[in-house]
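What follows is one structure encoded as structure tokens, with my remarks underneath.
Everything numeric here is computed off the predicted structure, so don't read it as measured data.
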Amino acid sequence: EFLIGGVSTYRSPAARKAAANLARYLVEFFQPLAFSPFIELDLTGRGRQLDQEWVGMLDAYHDIYAEAKKWKTTLNPDGIPIFPTFMWNLVQAAEKGGSPQFGYNLIRSVAAKAPIDWIGLSVYPNSEFNFGDILFKPAQIDPKFIEDARRVFNDLRPITISETGWQVCSARG
């Protein structure tokens, strides 16, 4: 997200169009198997609720999705899978900490603007944020994390793990 005078550029239709054009260029040039235009999109909205800046980000996701989806391949004749990623342990922490479904509402608000072909998750099973077992090694992702994602999205779309490992704020460093 870029800010000009404290205002998100995604609130500008011209900036959203430029971001969408860049996304299409990136997928055509790099020819990826899938494309994620926003990393940990829920961190951007956290603390702001669903304000105008967040709505601008969602509009940008819609525009980027529509433009990048135009690039077709033999493997993906309907366009490559496009998805944002979410900081899953923070979403879970908000739920467990009594926040009124804020994390899940963020995810659902993205899906309401444009499809999410895959579910992208950053998963840190050893994080205190998810009240998890901080003695877990990074590769020990609890299957309950994925089951919870399935419950939230209520479907079987593919899940990709975009990040995992030790978090810098974890007790083990």
Side-chain angles (χ1 to χ4, degrees), residues 1-4 7-46 48-92 101-125 138-139 141 143-165:
E1 178 177 24
F2 300 98
L3 299 175
I4 298 174
V7 176
S8 167
T9 56
Y10 290 130
R11 289 174 64 187
S12 158
R16 289 194 305 270
K17 178 67 175 156
N21 288 339
L22 174 61
R24 183 160 181 198
Y25 169 79
L26 290 172
V27 298
E28 288 179 1
F29 183 81
F30 289 106
Q31 300 183 11
L33 295 176
F35 182 68
S36 180
F38 292 105
I39 301 299
E40 296 174 350
L41 188 55
D42 52 327
L43 290 181
T44 304
R46 196 162 290 280
R48 300 204 306 223
Q49 300 301 320
L50 302 176
D51 67 2
Q52 289 182 328
E53 301 301 322
W54 178 252
V55 171
M57 292 283 294
L58 298 185
D59 289 342
Y61 176 76
H62 173 270
D63 296 351
I64 290 168
Y65 183 96
E67 192 63 31
K69 204 69 168 166
K70 291 178 182 176
W71 184 67
K72 316 267 190 235
T73 68
T74 304
L75 181 62
N76 294 295
D78 296 325
I80 63 170
I82 299 173
F83 61 97
T85 64
F86 302 95
M87 186 69 148
W88 198 246
N89 54 318
L90 292 181
V91 172
Q92 288 181 321
Q101 300 278 328
F102 179 59
Y104 294 161
N105 286 340
L106 286 177
I107 294 170
R108 290 181 182 122
S109 68
V110 176
K113 281 288 186 174
I116 298 175
D117 298 325
W118 291 358
I119 301 169
L121 304 177
S122 293
V123 180
Y124 294 94
I141 297 172
K144 289 184 281 190
F145 284 28
I146 307 305
E147 291 167 15
D148 196 37
R150 292 266 181 244
R151 180 183 60 78
V152 170
F153 282 92
N154 196 27
D155 66 23
L156 296 175
R157 75 185 90 189
I159 292 177
T160 182
I161 305 300
S162 56
E163 293 182 22
T164 190

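Closest heavy-atom contact between E28 and Q31: O-CG, 3.3 Å. Scanning both residues, V27 and P32, for their nearest heavy atoms gives O-CD, 3.3 Å. A pairwise comparison of heavy atoms in I80 and K69 identifies O-NZ, 2.8 Å as the closest pair. Residues A68 and A23 come closest through the heavy atom pair CB-CB, 4.3 Å.
Side chain of R24 to backbone of K70: no donor-acceptor contact under 3.5 angstrom is found. Without hydrogens or angle criteria, S162 side chain to L121 main chain gives a donor-acceptor distance under 3.5 Å.
Shown here are the side chain to side chain donor-acceptor pair (under 3.5 Å) partners of Y65, two or more places apart in sequence or in another chain: D117. Qualifying side chain to side chain contact (heavy atoms under 4.5 Å, CB included) partners for T160, counting only residues two or more places apart in sequence or in other chains: F83, W118. Residues forming a side chain to side chain contact (heavy atoms under 4.5 Å, CB included) with R16 (at least two apart in sequence, or on another chain): Y10, P13, D59, A60, D63. Scored by the side chain to side chain contact (heavy atoms under 4.5 Å, CB included) test, L33 finds L75 as partners (sequence neighbours excluded). Residues forming a salt bridge (Lys or Arg N to Asp or Glu O under 4.0 Å) with K72 (at least two apart in sequence, or on another chain): none.
Distance check, rounded to the nearest 0.5 Å: OG1 of T85 to CD1 of I116 gives 10.5 Å. Between atom OH of residue Y61 and atom CD1 of residue I82 there is a gap of 7.0 Å, rounded to the nearest 0.5 Å. From W71, atom CH2 reaches atom OH of Y25 across 13.0 Å, with rounding to the nearest 0.5 Å.
Among residue pairs with one or both ends in residues 74-84, none qualify as salt bridge (Lys or Arg N to Asp or Glu O under 4.0 Å); sequence neighbours excluded.
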